[in-house]
Each structure stands twice: as C-alpha cells, then as structure tokens.
Amino acid sequence: MRVLELQEVKKSFRKNQNIFAAVDGVSFHIEAGECVGLVGESGCGKSTIARLITRLEKMDSGEITVNGKNMAKLKGKALRKSYQKLQMVFQNPVDSFNPKLKIGSSIGESLINFGRYHGQVKQKVTQLLEMVGLKAEYAARYPHEISGGQCQRAAIARAIAVEPDLLICDEVTSALDVSIQAQIVNLILKLQKELHMSYLFISHDLALVQSICNRVLVMHCGRIVEEGTIQDVIEHAVHPYTQLLLSSVFPINPSKQWEIPSIPQLTANANKGEACKFWQRCPYCIQRCKQEHPQLIQLNGSHRAACHLINASKC
C-alpha cells in the first residue's frame, strides 16, 4: 500500500520581479513501512516538498495523496483526520515548540486535539518521553530549558503521539552536534522497527541517508534527477550531480567512472527554451543540455536518472 504519492507537483515563488520554480514537476511514492531519503543542496526544494505535503504551502498544480486521499480536496474534519496519519519533525526543534507551553503540555495537546487517551493524557506523555529516551521530569520543562538534542527527542515524541503512518523528518539532525546526531539517528531507526512507520527523511547528507533509508531521491533545482535503492545511487550513480554529492562524502572509485556516450540527436519535439539546470556545472555538458531538460530514464529496477548522456544499455 502506498502511504504517500506525489504526481507532477509544482510550486513557484516570486522574488522581486522574477518567478522561480522551487518544485518543478516532482513525482514519487512511499510504500507502507518504507524509509525514503530526499537529498540535495540547500535551496533545491526539499523543504518546500515537505511543506506542500503537509499543506503548510499550497501547490500550484499536481496531486498529493496520503493513504489514497487527495490532500488538496480535504477540508474540515477530513483534513484534520488526515493529519493524524501524517506528522512532521522540523529542523529547528526549539522553534517548533510554543515557548509558553511546557514540553508535556505541547505533547499532550496533540493527544487532546485528536481525542486520544481520554483521562490518561499525562500517563501517555510520560510513556512517549520514555520511548524517546527522556525522563518523565522533562514534561515540566520549557523548550528553552533543555538542550537541542533533548528538544528534538521531545519533538519526535510529539509527532509519534498520534501514531502516524508517515513521519516527515526535515533535516532533523542538521542543527545538532555530531555526537547528538548519531543518537537521534539511532532513535529514528529504533522507532521505525517498533512502530512500523513510513519515513520521508530529508537531508543534505548522503552518508546519513545511507544509514537510514531503503531508497533515495536526489533533487536539484526543484527536480528529481536520480532515484533508486541505496545501492543503486551510492554505488552506481550515473547523474553528474549525484556524483558531485557523493564525491564530497565518499572516495571516488576510478574503476566506476562514467563513460560518456556519443552525442544524441535533438528530438523534433524538444523543449528548446528550457535547459538542463545543471549544465553550467556539469563537466560532461553537450549542446543538447543547453536546449532541453532531460526526463527521468529507467535504468534497471527502480533506478532512474535524468541526463541526456545516459546509455541505458550499459547501466
């Protein structure tokens, strides 16, 4: 069963007199119990996708479904009920809490809002804190009175309180110290095994995604440029942007260098007004890259990439 599915989702923003596409025709899905990583540089549109899924932003076009229900068409009680199945953990844990509420009240508020555990909210809050490695006494503290790592644990406790099917983790470790990052990653892995949730894990760190996810989506300038299993993308990356990301984390294996095939002919229906958004940084750029944006090409299994130079028969 598909917990989440995006189909040709687009979102643009206006900056000064210009309009730029933050998300430009993104499609992907997440199956029940699956952990999918979404990686890319800052500004590529990763967090915008998270905000579109949770309806913190309104998409321009496309379709987003959660458990088969079109999120754009939900209103009132139906929309409220959908949020019980969809929760998000934000990058900055302290800012995600109401500073005027104690940690226990913030976690309990979600239970009350969804009508869960009547008369037993306090006991459930204590149980949730213990699940994420915090003592019951933290319920009486304010967000600014605890460390960033402890606050992120509390944010995860709040998110899992309503037993969601899908948890979106948006750069949940980037604001934390390295030693604390490892603890949060281990906590996420532990909760996935215990609660059987699906994850959309958003990060700029491929090494981190490798330790958590089943599949990975590589995003550049609002588009998915490569996707596949962790083994496909980490060990057999074909898109030059994915290779660039990998080179900053893993040593390059010279035996796996990409052989550039012969220059393909421009198709008659090519969109000549739209270039590949990576062509100015790409060492393999050809004329076609400056005239037509490549579409995702099936390589093998779930491995796909969007590049004019891909020779599918050799991948």
Side-chain angles (χ1 to χ4, degrees), residues 6-13 15 18-28 37-46 48-49 61-62 204-206 209-210 215-315:
L6 279 68
Q7 295 182 353
E8 289 298 315
V9 172
K10 296 185 178 183
K11 176 65 179 178
S12 296
F13 293 99
K15 186 175 181 180
N18 299 318
I19 296 176
F20 69 96
V23 177
D24 191 9
V26 168
S27 300
F28 67 86
L38 180 60
V39 300
E41 295 168 303
S42 296
C44 70
K46 307 187 301 296
T48 300
I49 283 182
S61 62
H204 62 276
D205 189 341
L206 267 170
V209 167
Q210 183 185 29
R215 287 193 295 120
V216 61
L217 312 166
V218 181
M219 193 169 185
H220 176 259
C221 290
R223 291 180 182 243
I224 303 298
V225 296
E226 188 159 2
E227 64 178 86
T229 65
I230 288 295
Q231 184 177 17
D232 288 335
V233 176
I234 300 297
E235 298 183 14
H236 306 288
V238 295
H239 197 283
Y241 177 67
T242 308
Q243 294 176 354
L244 177 65
L245 291 179
L246 288 170
S247 67
S248 66
V249 181
F250 306 105
I252 298 297
N253 185 345
S255 66
K256 294 185 178 180
Q257 289 297 309
W258 183 20
E259 294 182 7
I260 305 176
S262 58
I263 298 176
Q265 297 294 318
L266 284 169
T267 57
N269 61 347
N271 183 0
K272 298 181 180 180
E274 183 181 275
C276 170
K277 295 180 181 180
F278 190 63
W279 77 265
Q280 291 177 307
R281 300 167 64 190
C282 182
Y284 310 118
C285 176
I286 58 174
Q287 187 61 32
R288 186 181 181 185
C289 303
K290 304 176 184 179
Q291 297 174 302
E292 177 190 357
H293 200 288
Q295 301 300 312
L296 284 166
I297 297 172
Q298 189 79 32
L299 301 177
N300 55 65
S302 61
H303 194 188
R304 300 197 300 167
C307 182
H308 293 309
L309 299 180
I310 290 172
N311 187 336
S313 64
K314 292 185 179 182
C315 295

Return the set of residues passing salt bridge (Lys or Arg N to Asp or Glu O under 4.0 Å) with Glu8 (not counting sequence neighbours), or none when no residue passes.
none
To the nearest 0.5 Å, what is the distance between CG (Asp232) and CG (Leu299)?
8.0 Å
Contacts under 3.5 angstrom, residues 38-45 side chains, donor-acceptor by atom type, not counting sequence neighbours:
residue, atom, partner, partner atom, Å
Glu41, OE1, Tyr241, OH, 3.2
Glu41, OE1, Arg281, NH1, 3.2
Glu41, OE2, Arg281, NH2, 3.2

Could you go step by step and tell me if Leu246 and Leu206 meet the side-chain contact (heavy atoms from CB on, under 4.5 Å) rule?
CA-CA 7 Å; Leu246 288 170; Leu206 267 170; 3.6 Å; yes
Heavy-atom nearest pair, Ile19 first then Ser12, reads CG2-CB, 3.8 Å
Mind checking the CZ-CG spacing from Phe28 to Leu217? Nearest 0.5 Å is all I need.
6.0 Å
For a side-chain hydrogen bond (donor to acceptor under 3.5 Å, both in side chains) with His303, tell me which candidate from His236, Gln298, Glu226, Arg215 qualifies.
Glu226
Partners of Asp24 by salt bridge (Lys or Arg N to Asp or Glu O under 4.0 Å), sequence neighbours excluded?
Arg223, Lys277
Separation between CD (Gln287) and NE2 (His308), nearest 0.5 Å, reads 11.0 Å
Partners passing side-chain contact (heavy atoms from CB on, under 4.5 Å) against Phe13 (at least two apart in sequence or in another chain)
Lys11, Phe20, Ala22, Thr48, Glu57
For the SG atom of Cys282 and the CG atom of Leu309, what is their distance to the nearest 0.5 Å?
6.5 Å
Is there a side-chain contact between Val9 and Ile49 (heavy atoms, below 4.5 Å)?
no
Sequence neighbours excluded, the answer for side chain to side chain donor-acceptor pair (under 3.5 Å) partners of Glu227 is Arg304
By side chain to side chain donor-acceptor pair (under 3.5 Å) - contacts of Asp205 (at least two apart)
none
What distance separates Glu292 CD from Trp279 CH2, expressed to the nearest 0.5 Å?
15.0 Å
Return the minimal non-hydrogen interatomic distance between Val216 and Thr229, and the atom names on each side.
CG1-O, 4.2 Å
d(Phe278 CZ, His293 NE2) to nearest 0.5 Å is 11.0 Å
If you compare all heavy atoms of Val209 against all heavy atoms of Ile230, which two are closest, and at what distance to 0.1 Å?
O-CD1, 4.0 Å
Taking Ala306's backbone N and O only, do any of them form a donor-acceptor pair with His239's side chain (distance below 3.5 Å, no angle check)?
yes
